[in-house]
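Position 1 is the first residue of the sequence; numbering continues from there.
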Amino acid sequence: MKRTVAIIGGGAAGMSAASRVKKLRPEWDVKVFEATEWVSHAPCGIPYVVEGLSPREKLMHYPPEVFIKKRGIDLHMRAEVIEVEQGSLRVREGDGEHEYGWDYLVFANGASPKVPALEGLELEGVFTADLPPDAVAITEYMEKHDVRDVVILGTGYIALEMAEAFVARGKNVTLIGRSERVLRKTFDKEITDIVEEKLRENLNLRLEELTLRFEGDGRVERVITDAGEYRADLVVIATGIKPNTKLARELGVRIGETGAIWTNERMETSVENVYAAGDVAETRHLITGRRVWIPLAPAGNKMGYVAGSNIAGREIHFPGVLGTSVTKFLDLEIGKTGLTEAEAVKEGYDVRTAFIKAGTNPHYYPGSKPIWLKGVVDNETNRLLGVQAVGARILPRIDGAAAMLTAGFTTKDVFFTDLAYAPPFAPVWDPLIVLARVLKF
């Protein structure tokens, strides 16, 4: 029997869900409602468009025509869903409001920036960095105005990546945060100390400062904090995000303890035939088993794939996440997977840790660079709980550790893993193996 599937949000999760349903049930009517003119977009690429590394149009992985003509998806762009009821939804489009029916519904409408209530938010030159249109707005503003001094509010991934973009463009950058250190919620202090040293070499890092207001005559000119005043021709607010749950709440969908939509392993919500995927949905942590909200693109894509599969009758479960993530500031790479020491202790684990410095190549091979690793281990079971890295060539170590955490490796398992070796790629004692040796087993 033909069914209608309505998907709110045309980002990674939404288009993955839509494509999967059409793959398995080509005769079904799959409608996607996207509020912007961008689909299958890559918000993670915003800093690199601003930096000038990528053209803005590349922030769409596939153009709309691929989904409409090749996959048969009924794609509605610039279509804002304003009301959801059981079996129907109301959408505001260019030619007015329309009502559409649904047999299955997917919330894939992502998250929005947390914007502090500050005086001067309305001034020109104050931006967020959430969706591709923000990259367009920021680059166009810099083309029209003489931007020399840039202030970034925030100390998380997006804040650092946006700071990098402006530093690379030769701007005078000030990074302001309320917390006592950068990346405080994601990394332990040994890692962030190294990151902060790199930041201070390239920009004005201001921590434990409360931003009070923005000032200027029509356009932003200054940022005022409780500790000082900073010139600003452009401001980017990157102080976190929150899941877009308003429509789900109106439908009576259960909101989880994290503040995102509760889902089971099939990506089903508490309401029959209603699913959620991507940055709007919470899931389970693979180590602790607790409910978590970790809005990252790889998981969002997979959640959409799982939701679409189950809607179409193909049973598949989403197991959860480790929070594996990487970023960089200039040539300093930063990444983690699993639990930090602080997170593990908070969860009640009795842990031991090790923090090592190693080289990416043997000492005799040119180009070796430093890499620092921190490992966290459960004392009771010797199970690896998490790995953090900073320095150079961290990705293979973080990805390797993520696979090990998923498989439940102990430090002994890690130590005896048969990793590849050749002088151009790694030392004979890979830093990950050295970490396991220092952690003991």
Using a 4.5 Å cut-off on heavy atoms from C-beta on, say whether the side chain of [Y] contacts that of [X].
X	Y	result
Y349	L339	yes
M162	V50	yes
R397	D430	yes
L160	L175	yes
V321	L296	no
I73	M15	yes
W102	V274	yes
F214	I237	yes

Return yes if a side-chain donor-acceptor contact under 3.5 Å exists between Q388 and T340, otherwise no.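 Short answer, no.
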Flag for T36-E34: side-chain donor and acceptor within less than 3.5 Å: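 Indeed, the side chains of E34 and T36 share at least one donor-acceptor pair under 3.5 Å.
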Is there a donor-acceptor contact under 3.5 Å from the side chain of [X] to the main chain of [Y]?
X	Y	answer
R90	E83	no
E196	V182	yes
E93	D95	no
K336	S325	no
E341	T353	no
T283	T263	no
D193	E190	no
R25	I311	no
H317	P319	no
D103	T4	yes

Using the side chain to side chain contact (heavy atoms under 4.5 Å, CB included) rule, pick out the option among V220, L153, L118 that qualifies with V126.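 When V220, L153, L118 are each tested with V126, the side chain to side chain contact (heavy atoms under 4.5 Å, CB included) holds only for V220.
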Within the supplied structure, the quantity of interest is the number of heavy atoms (other residues, nucleotides, ligands) at a distance under 6.0 Å from [X] [atom1]; does it exceed 12?
X	atom1	value
E143	CD	yes
K189	NZ	no
Y305	OH	no
K302	NZ	no
E180	CD	yes
E380	CD	no

Can you sort out the partners of R290 under salt bridge (charged side-chain N to carboxylate O under 4.0 Å, His left out), two or more places apart, ordered by chain and number?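 Per chain and number, R290 pairs via salt bridge (charged side-chain N to carboxylate O under 4.0 Å, His left out) with E347.
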Distance in Å, [X] [atom1] paired with [Y] [atom2], rounded so as to fall on 0.5 Å steps:
X	Y	atom1	atom2	answer
T225	E208	OG1	CD	12.5 Å
L247	I82	CG	CD1	9.5 Å
N310	E265	CG	CD	10.5 Å
T417	L432	OG1	CG	7.5 Å
I241	T128	CD1	OG1	11.5 Å
L385	D378	CG	CG	5.5 Å

I'd like to check the ring pair (Phe, Tyr, Trp, His ring centres under 6.0 Å) partners of [X]; sequence neighbours left out, ordered by chain and number.
X	value
W293	none
Y100	F33, H76
F127	Y141

Please determine whether a side-chain nitrogen of the Lys or Arg among E80 and R92 lies less than 4.0 Å from a carboxylate oxygen of the Asp or Glu.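 Looking at R92 together with E80, the answer is yes, because their closest N to O distance falls below 4.0 Å.
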Indicate yes or no: does R291 engage E257 in a salt bridge with an N to O separation below 4.0 Å.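 Judged by the 4.0 Å cut-off on N to carboxylate O distance, R291 and E257 do not form a salt bridge.
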Can you see which heavy atom on [X] is nearest to which on [Y], and at what distance?
X	Y	result
G156	L183	C-CD2, 3.8 Å
A79	V91	CB-CG1, 3.6 Å
V223	A232	CG2-CB, 3.9 Å
L89	A6	CD2-CB, 3.9 Å
I398	T337	O-CG2, 3.8 Å

Run through R393, K198, K369 and flag the one making a salt bridge (Lys or Arg N to Asp or Glu O under 4.0 Å) with D331.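 Testing D331 for a salt bridge (Lys or Arg N to Asp or Glu O under 4.0 Å) against R393, K198, K369 leaves exactly one candidate, K198.
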Give me the one residue out of E51, E164, E333 that meets salt bridge (Lys or Arg N to Asp or Glu O under 4.0 Å) with K328.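 So, applying the salt bridge (Lys or Arg N to Asp or Glu O under 4.0 Å) to K328 and each of E51, E164, E333, only E164 qualifies.
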Mind checking side chain to side chain contact (heavy atoms under 4.5 Å, CB included) for E268 and listing every partner two or more places apart, or none if nothing turns up?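 E268 satisfies side chain to side chain contact (heavy atoms under 4.5 Å, CB included) with N264, R266, Y275 once adjacent residues are dropped.
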Test side chain to side chain donor-acceptor pair (under 3.5 Å) applied to D149 - qualifying residues, sequence neighbours left out: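 With neighbours one apart ignored, the set is N172, R231.
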